[in-house]
Structures are given as C-alpha cells and as structure tokens.
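Here the structure comes first, spelled out in structure tokens, and everything after it is commentary.
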Amino acid sequence: MPELAEVEYFRKRWDSGLGQRVREIALHGEKRIFRGSDPAEIERTLRGATLRSSETHGKQMLFRFSKNAWLGLHLGMTGKLRVEPAGFEPGRHDHLVLFQRKQALVFADARMFGRVRFHHGKSAPAWWAKLPPAVTSPQFTTARLREIFLRRRTAPLKALLLAQDVFPGVGNWMADEILWQARLDPRISAAQLDAKQTREVWRAARMVCRVALKTIGVDWSDPPGDWLMLQRWKKGGRCPRDGKLLQRATIAGRTTAWCPNCQPSHRKTG
DNA sequence: TACTCTGTTGAATA
DNA sequence: TTATTCAACAGAGT
C-alpha cells in the first residue's frame with residue numbers, strides 16, 4: 001500500500017511499544033525480506049532492547065532501540081505494521097515479530113518487496129544518514145528541482161516524481177495527484193518545463209505531501225474530496241475539475257491516470 | 001487462466 | 001560515463 005502518509009500511519013501503530021523492552025523475537029530469517037541483513041544478529045541484539053523512538057523519511061522507517069540498535073523497515077508494496085496481543089501466534093506473512101510484555105509488534109509483508117535493515121552502533125547507519133531532503137523540508141527548494149530537471153532532461157516527468165532520490169515518499173498515486181494539481185501532462189520531459197511550471201511542480205508536491213500527512217498519515221481518513229486520487233481507479237473515473245473521462249497509460253512502467261483536458265500535452269500558447 | 005496492483009533493484013540498453 | 005527502461009521479485013485479488 002504505502003506511500004509517505006501511509007508509512008507514517010503505520011509507524012505510529014507501533015507507538016504503544018515505546019519505552020518497553022523486547023522480551024522475545026520471532027522472525028522468518030530465510031525470507032527475501034531480510035536480504036542484505038543478518039537475521040541472527042537482529043535477534044541477538046534486539047532481544048532485551050527497549051524501543052526508544054521512531055521516525056519516517058519518505059517510505060523509510062527507522063526504529064531506535066537501546067543497546068545501540070537501529071531497525072530500518074521498508075513496506076514495499078504490501079507491507080504493514082500492526083500490534084497484536086502478547087500471546088499471539090505469527091502467521092505466514094508475519095516475518096518479524098517483537099514480543100513485549102503487553103503486546104507484540106508485527107511487521108507483515110505478503111509479497112516481500114519490503115525490506116528489513118539493521119545496524120548496531122553508536123551513530124546512525126549510512127542508509128539513514130544519506131537520505132535526500134524531504135519534500136516538505138526547507139531544503140527541498142525550487143533551485144534543487146531545477147538542477148535535477150536539467151540533469152535528467154529526457155525522463156518523463158512522471159518518472160522523476162517516482163524517483164526516491166528526488167521526491168522521497170512519493171509513489172504512484174501521489175505522482176498522479178501532483179501532476180493533476182500542477183496541470184501537467186505526465187509524459188512531458190523535465191526539459192520542457194519553464195521556471196513557472198517547475199515552481200508549480202514544487203508547490204503541488206509540497207501541498208500533496210503535507211495534506212496527505214495530515215489526513216491519511218494521522219488516521220487513514222480521506223484527503224479532500226476533489227482530489228484526483230478518489231477518482232483514479234474507478235472504472236470510468238472522471239476529472240474532479242471538469243468531469244472529463246480520465247486517460248490511462250503505462251508511463252515509466254506504472255499505470256498512470258490523467259485528465260487530457262486540463263493536463264494538455266501541448267505547451268500553453270497564451 | 002490471465003491479468004491487475006500505492007515498489008525497488010540490477011542488468012541491459014541507449 | 002551516465003541516464004533510462006525493463007524484467008524480476010511473490011502473492012492475493014479479480
């Protein structure tokens with residue numbers, strides 16, 4: 001499911017475990033979800049560690065524990081976090097379960113496109129420290145976007161919106177929403193954008209991320225009713241602005257929906 | 001049966 | 001050298 005707001009929502013689900021010690025761990029260490037990490041080390045280090053804090057950055061989550069343990073989770077396409085009673089029996093897709101006194105913190109992922117990362121040390125791991133500026137941060141500037149758009153001039157705009165080193169946390173539906181809010185065709189290349197259009201992408205990206213975090217990110221409630229995302233996957237979905245039938249195509253390898261009327265492929269002439 | 005899917009990666013290609 | 005596309009990953013739902 002998850003893009004940045006959903007990731008934030010799932011992170012908070014584990015909040016009831018803050019300040020509590022992990023007594024026991026159950027994990028499916030042979031699963032692909034542990035690629036690149038050492039399940040035995042995770043088990044050894046997290047056992048007896050106390051969950052201190054958590055944060056998200058784009059689609060990445062970081063859980064900090066005592067004993068200098070850092071647990072990174074990525075939800076991939078189907079990952080979920082939830083809380084179960086302490087005596088819970090892990091199911092087939094519950095690949096990492098942290099048992100605490102009163103409850104169990106569960107990371108489940110059916111398709112296993114997600115990932116578990118782990119670091120044992122005083123300072124933050126490289127995979128966390130080197131993340132790009134968040135879309136909602138002051139470091140996410142129009143100047144930065146301009147520079148990237150000039151460098152990656154042939155990629156369709158949709159592809160750039162999906163690039164996690166440019167728009168961390170933006171996924172398929174958010175990319176379509178941003179393009180619709182900015183009234184830009186997903187197929188145009190970044191090189192075709194003038195300064196004003198670049199600023200529109202910047203503005204729309206920040207707005208969509210901010211509002212999504214305040215709605216979906218808090219309680220899974222819907223974003224404003226006039227957003228494209230509420231129409232997007234409906235059969236015969238229509239543009240919330242002008243009621244025109246949405247167009248669909250695969251762009252940058254992902255299904256894309258847009259309004260052919262208010263996101264025209266040609267440059268505006270006046 | 002055959003197609004879809006809110007994601008990322010590494011190999012192939014340009 | 002650098003950017004981009006594509007298949008692969010794996011399961012559940014339609």
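Proteins get letters first, then strands, A, B, ... in listed order; numbering begins at 1 in each.
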### Task
Report which part of the nucleic acid A:Arg92 touches: base, sugar-phosphate, or nothing (heavy-atom distance under 4.0 Å, all strands).
sugar-phosphate
Whole angstroms only, please: what is the [atom1]-[atom2] distance between [X] and [N]?
X        : N      : atom1 : atom2 : answer
A:Ile148 : C:dT4  : CD1   : P     : 12 Å
A:Asp94  : C:dG11 : CG    : P     : 14 Å
A:Arg35  : C:dA8  : CZ    : P     : 17 Å
A:Met112 : C:dA12 : CE    : C1'   : 13 Å
A:Lys59  : B:dT9  : NZ    : C1'   : 13 Å
A:Phe149 : C:dA3  : CZ    : P     : 15 Å
A:His74  : B:dT8  : NE2   : C1'   : 7 Å
A:Lys158 : C:dA3  : NZ    : P     : 22 Å

What nucleotide, of [options], holds the atom closest to the side chain of [X]?
X        : options              : value
A:Arg152 : B:dT8, C:dT4, C:dG11 : C:dT4
A:Thr255 : C:dG11, B:dT8, B:dC5 : B:dC5
A:Ala110 : C:dA12, C:dA3, B:dT8 : C:dA12

Check whether any side-chain nitrogen or oxygen of [X] sits under 4.0 Å from OP1 or OP2 of [N], and answer yes or no.
X        : N      : value
A:Thr78  : C:dA12 : no
A:Gln164 : B:dG7  : no
A:Thr154 : C:dA3  : no
A:His93  : C:dG11 : no
A:Arg254 : B:dG7  : yes

Salt-bridge present ([X], [Y]; N to O < 4.0 Å):
X        : Y        : value
A:Lys196 : A:Glu200 : no
A:Asp185 : A:Arg187 : yes
A:Lys31  : A:Asp109 : no

### Query
Does NZ in A:Lys67 sit with more than 12 non-hydrogen atoms of other residues, nucleotides or ligands closer than 6.0 Å?
yes
### A:Glu30 atom CD, neighbour heavy-atom count above 12 within 6.0 Å
yes
If you take the centroid of each ring, where Trp contributes its six-membered ring, are [Y] and [X] closer together than 6.0 Å?
X        : Y        : value
A:Phe65  : A:Trp70  : no
A:Phe149 : A:Trp202 : no
A:Phe34  : A:Phe118 : no

### Message
Distance check, P atoms only: C:dA7 and B:dC3, in whole angstrom units.
### Response
14 Å
### Query
Is the ring of A:Phe113 stacked on the base of C:dC9, with centres less than 5.5 Å apart and planes under 30° off?
yes
### Task
Taking Watson-Crick and G-U wobble pairs with both distances under 3.5 Å, convert DNA chain C into its dot-bracket string, 5' to 3', dots for unpaired and | for cross-strand pairs.
.||||||||.||||
